[in-house]
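All remarks here apply to the structure that follows.
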Amino acid sequence: MAPKFPDSVEKLRAAGNESFRNGQYAEASALYGRALRMLQAQGSSDPEEESVLFSNRAACHLKDGNCRDCIKDCTSALALVPFSIKPLLRRASAYEALEKYPMAYVDYKTVLQIDNSVTSALEGINRMTRALMDSLGPEWRLKLPSIPLVPVSAQKRWNSLPSENHKEMTKSKSKATIATKNRVPSAGDVEKAKVLKEEGNELVKKGNHKKAIEKYSESLLCSNLESATYSNRALCYLVLKQYTEAVKDCTEALKLDGKNVKAFYRRAQAHKALKDYKSSFADISNLLQIEPRNGPAQKLRQEVKQNLH
């Protein structure tokens, strides 16, 4: 007797999700495929639903090592809803497995334009940079395909996604961050971190703070032992008015170097912008104990004082 399949796209998708969670990837792929055929037969245009089904089936192909079909399904998903994070990440992983490093680099880089804190993309960029340096030499960037410019609308769409999608990403990000923090970097990692930090510094000089954040983040994935990399990234967050991130980075910088004057100053600026004048004043006071004649800090202390009274 033939198995009885669910009778709606939603139920087929749910059944596919259940099979995927149970590690039955071939079965999940078949269910997503049936849902796709049903959706297409209905003739009603629902590009988001169709895109998700292609992306989900791509995840099954990736798990089964079928990278070419994974790439094909991700490309179909992205044609329906451009700049979706999951199909971009899945396609990047498939390209990487096939050693198509330039294509993987482009997809990881595109993800970071949408959300520059996705750890799997940051780690992917880190791996691809090393692989491309090894295979193409120091001029490897000149040999890359063009990287698409992500419109602001795509970034806004990601920010407005349901909270469970954010939770899933944040969970994977925090796990990866803990793993990175506990890893002891090799001498090679430390050297690569320095190179990436310098690239970030050059981008800051050119006023490209978003790209600089990416470089500093890549650097910190190689080695998170240099205080200046955190305080440099904090400067970029300040310029972009991401004050909470700036505070976090300055705090990390000060854990590594308790006399990092720039970290004290930038954290004081961030606290002031967040209207936490008490913390701002405390940071400036600590800074002035290290450098009593620091003019910008003296000026900032006067400004904060006025808000404290």
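What you see is a predicted model, and the numbers here were worked out from it, not measured in a lab.
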Report summary line: Per side chain to side chain donor-acceptor pair (under 3.5 Å), Ser55 is matched among Glu50, Arg90, Lys86 by Arg90

Side chain to side chain, [X] and [Y], heavy atoms closer than 4.5 Å:
X	Y	result
Leu88	Ile114	yes
Leu203	His209	no
Asp64	Asp69	no
Cys70	Tyr95	no
Leu235	Arg266	yes

Report task. Please step through side-chain contact (heavy atoms from CB on, under 4.5 Å) for the pair Tyr108 and Glu96, ending with a clear verdict. Result -> CA-CA 10 Å; Tyr108 285 132; Glu96 187 176 346; 2.8 Å; yes

One thing to verify: whether [Y] and [X] come together as a salt bridge, which I'm taking to mean a side-chain N less than 4.0 angstrom from a carboxylate O.
X	Y	value
Arg13	Glu10	no
Arg267	Asp276	no
Lys109	Glu214	yes
Glu199	Arg141	yes

Query raised in the report: So, Asn201 versus Tyr216: side-chain donor-acceptor pair below 3.5 Å or not?
Result: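 There is such a pair between these side chains.
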
